[in-house]
Engineer: 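Before anything else, here's the structure in question.
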Amino acid sequence: MKNLKLYSLVALVTVVFGCEVLEHEPQQQISTELAFSNEKSAEAVLNGLYNEAQLVYSWRPFIFGDLASDAVQSIDTWDAFNQVDTYNNSADNTEVDDFYTQIYRGIDMANQIIANAPNVDMPAAKIEDFLGQAYTFRGMFYFELARYWSGIPNAYNEEGVVIRTTPSNGINDESYAPRASFEATWAQVLSDLQEGYSRLPDARGNNAENRRRLTKPAAAAMMARTYFYQGNWPQAASFATEVISNSRFTLVEPFSIIYRTEFSDESIFEMDYNNIDFSGIRGWYYPPNLGGRGGVCFHPQYHAYLTSDPDDERASLIASREFSGQTVYYSTKYDLLQNASNIPLLRIAEMHLIRAEARVNGAPGGAAGALSDLNAVRNRAGLDDVNPSGTNAILSAIWEERD
């Protein structure tokens, strides 16, 4: 998977052989026939899809989400971050543009696999696996598009995003397709995740492969998340329960293991990075005195909330520095030099909190089950049980835990 920068099947080929370079026409694209000519070449395309996913999930969805919340703020000179932080994005925000472009590149690679893998001479089970991974990634990518670029019904328009389900072949009329509806966009997310879920294997060869490559539990976790976003509480709880019931996944102690150990038992699906294929996330969050840029720090009120309970182990993953006459604080979850820390995209703790909120909203298990899930997550972090009474109080406690 690593170091194979096959961004799309129309990627520029930069390696030229021979001495008579100027006598050759430059090769601008790799043909579909060549890319899917045999099992080995098809595997290269699938590895390229994982590399594109590394770019999508390197840091942008996390930092953008944090900046748009009340958790962190930008103290950087980088205008792209300051715009997101102040809800004042311009059309030329390069980081937002890169995020959007990377997602659609990933979608195009998934479309290529879905369209062409069935024609490759390889075992039927492997074709199904390739399709399962491509469909699941496409669903994950559309999920990111939907939550960052689609509207909010009854609040801010009801448009979705542009949906593409066939491979791109240059610029044509389809390149200027209109945005789909909000409903159609989320239907596409679920349809893709369901297709992936039906094809993916339950497990792979070893612990690392079970967590760095997509499996059926990863697709189930994404469906739990998607149904949760849609307020479909029974389905959200059902898929969360399916993952929680899998003995491969468990809440780990101490809390720091999630970020200090690759492929811990808490990870359902983890984006794999190293010193060559790095994420970039550490540099933004870490202060300069510890080797980072330190452009994104906690809001003072959020830091006070995080450190309000001395028994909360999660507060140990915080560093500080002096900035403009005051002390500012940073997350140190991703601590490996060269931005080499893996990023757990799907964790079992999220499944407990999804199920907890779904149960409060009527899914099987009720308030008692919701508190059981909530306290399981709290206990792992060194905190005592809470026992709020009433729907609003329980929901408030769950939301605090999600912070």
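All heavy atoms count here, side chains included; hydrogens, waters and symmetry mates do not.
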Engineer: Taking Arg199 first and then Glu128, would you say they form a salt bridge - that is, a charged N and a carboxylate O separated by under 4.0 Å?
Structural biologist: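 Answer for the salt bridge query: yes.
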Engineer: Please report the C-alpha distance between Tyr148 and Val161 in whole Å, then the side-chain angles of each, then the deciding distance to 0.1 Å, and finally whether the side chain to side chain contact (heavy atoms under 4.5 Å, CB included) criterion is met.
Structural biologist: CA-CA 10 Å; Tyr148 277 101; Val161 302; over 6 Å; no
Engineer: For Leu337, enumerate each residue passing the side chain to side chain contact (heavy atoms under 4.5 Å, CB included) test, keeping only those at least two apart in sequence or located in another chain.
Structural biologist: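 So Leu337 forms a side chain to side chain contact (heavy atoms under 4.5 Å, CB included) with Arg282.
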Engineer: Between Arg213 and Tyr50, is NZ or CZ placed under 6.0 angstrom from the six-membered ring centre and within 45° of the ring axis?
Structural biologist: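 Yes, a cation-pi geometry holds between Arg213 and Tyr50.
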Engineer: Atom OG1 of Thr185 and atom CG of Leu190: how far apart are they, to the nearest 0.5 Å?
Structural biologist: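 Result: 11.5 Å between the selected atoms.
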Engineer: Can you list the steps and then say if Asp108 with Arg164 is a salt bridge (charged side-chain N to carboxylate O under 4.0 Å, His left out)?
Structural biologist: CA-CA 8 Å; Asp108 190 57; Arg164 301 189 184 282; over 6 Å; no
Engineer: Quick one, Asp385 with Arg378, criterion salt bridge (charged side-chain N to carboxylate O under 4.0 Å, His left out). Give me CA distance, side-chain angles, the key distance, then yes/no.
Structural biologist: CA-CA 7 Å; Asp385 285 356; Arg378 288 179 55 83; over 6 Å; no
Engineer: CZ/Phe278 to CD/Gln54 distance, rounded to the nearest 0.5 angstrom?
Structural biologist: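 With rounding to 0.5 Å, CZ (Phe278) is 11.0 Å from CD (Gln54).
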Engineer: Working to the nearest 0.5 Å, report the span between OG1 of Thr241 and CG of Asn246.
Structural biologist: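 It comes to 12.5 Å.
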Engineer: Before accepting this row, confirm whether a basic side-chain N of the pair Arg179/Glu159 lies closer than 4.0 Å to the acidic partner's carboxylate O.
Structural biologist: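 Yes, charged N to carboxylate O under 4.0 Å.
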Engineer: Taking the six-membered ring where the residue is Trp, are the ring centres of Tyr330 and Phe298 under 6.0 Å apart?
Structural biologist: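 Centroid distance Tyr330-Phe298: not below 6.0 Å, so no.
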Engineer: Just by distance, with hydrogens left out, do Glu357 and Trp233 show a side-chain donor and acceptor under 3.5 Å apart?
Structural biologist: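 There is no such pair (donor and acceptor under 3.5 Å, judged by atom type) between the side chains of Glu357 and Trp233.
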Engineer: Between Asp335 and Tyr286, is there a side-chain donor-acceptor contact under 3.5 Å, judged purely by atom types and distance?
Structural biologist: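 Not at all, the side chains of Tyr286 and Asp335 share no donor-acceptor pair under 3.5 Å.
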Engineer: What are the two closest heavy atoms between Arg248 and Pro217, and how far apart are they?
Structural biologist: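 What the structure gives for the nearest pair is NH2-CG, 3.5 Å.
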Engineer: So, do Glu400 and Ser396 sit near enough that their side-chain heavy atoms are less than 4.5 Å apart?
Structural biologist: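 Heavy-atom side-chain distance check passes, below 4.5 Å.
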Engineer: Check the pair Glu242 / Tyr197 against side chain to side chain donor-acceptor pair (under 3.5 Å), numbers first and verdict last.
Structural biologist: CA-CA 12 Å; Glu242 179 178 330; Tyr197 176 84; 2.8 Å; yes
Engineer: With a 3.5 Å cut-off and no angle check, do the side chains of Asp98 and Gln102 form a donor-acceptor pair?
Structural biologist: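 Absent: no donor and acceptor within the cut-off.
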Engineer: Under 30°, 30 to 60°, or over 60°: which ring-plane class applies to Phe99 and Trp149, parallel, tilted or perpendicular?
Structural biologist: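 Answer is tilted, since the angle falls between 30° and 60°.
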Engineer: Output the distance between atom CG (Leu131) and atom CZ (Arg138), rounded to the nearest 0.5 Å.
Structural biologist: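 One finds 10.5 Å between CG of Leu131 and CZ of Arg138.
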Engineer: About how many Å separate CD1 of Ile107 and CG of Asp192, when rounded to the nearest 0.5 Å?
Structural biologist: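 Reported to 0.5 Å precision, the distance equals 8.5 Å.
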Engineer: State plainly whether the residues Arg380 and Glu266 are in salt-bridge range, i.e. N to O under 4.0 Å.
Structural biologist: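 Salt bridge flag = yes for Glu266 with Arg380.
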Engineer: Would you tell me whether Asn342 and Glu270 have side-chain atoms, one donor and one acceptor, within less than 3.5 Å of each other?
Structural biologist: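 Note: Asn342 and Glu270 side chains meet the donor-acceptor criterion.
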Engineer: Measure centre to centre between the rings of Tyr229 and Phe143, then say whether the value is under 6.0 Å.
Structural biologist: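 They qualify: ring centres under 6.0 Å apart.
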Engineer: Ser74 and side-chain hydrogen bond (donor to acceptor under 3.5 Å, both in side chains): which single residue from Asp79, Asp85, Asn82 fits?
Structural biologist: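 The single option meeting the side-chain hydrogen bond (donor to acceptor under 3.5 Å, both in side chains) with Ser74 is Asn82.
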Engineer: Any donor-acceptor pair under 3.5 Å linking the side-chain atoms of Asp129 with those of Gln133?
Structural biologist: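 Result is yes, a qualifying pair exists.
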Engineer: Do Arg347 and Asp265 pass the salt bridge (charged side-chain N to carboxylate O under 4.0 Å, His left out) test, and can you show the C-alpha distance, the side-chain angles, and the key distance before you say yes or no?
Structural biologist: CA-CA 9 Å; Arg347 287 170 41 205; Asp265 288 348; over 6 Å; no
Engineer: Can you list the steps and then say if Glu158 with Ser181 is a side chain to side chain donor-acceptor pair (under 3.5 Å)?
Structural biologist: CA-CA 7 Å; Glu158 296 191 10; Ser181 68; over 6 Å; no
Engineer: Answer yes or no: is there a side-chain heavy-atom contact under 4.5 Å between Arg105 and Leu55?
Structural biologist: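 Answer no - side chains too far apart.
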Engineer: Rounded at 0.5 Å granularity, tell me how far CG in Leu374 sits from CZ in Arg355.
Structural biologist: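 Atom-to-atom, Leu374:CG and Arg355:CZ are 12.0 Å apart.
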Engineer: Would Gln112 and Phe36 satisfy side chain to side chain contact (heavy atoms under 4.5 Å, CB included), going step by step from the backbone distance to the final call?
Structural biologist: CA-CA 9 Å; Gln112 296 282 357; Phe36 292 94; 4.2 Å; yes
Engineer: Answer yes when Glu43 and Lys126 have at least one side-chain N-carboxylate O distance shorter than 4.0 Å, and no when they do not.
Structural biologist: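 Yes, charged N to carboxylate O under 4.0 Å.
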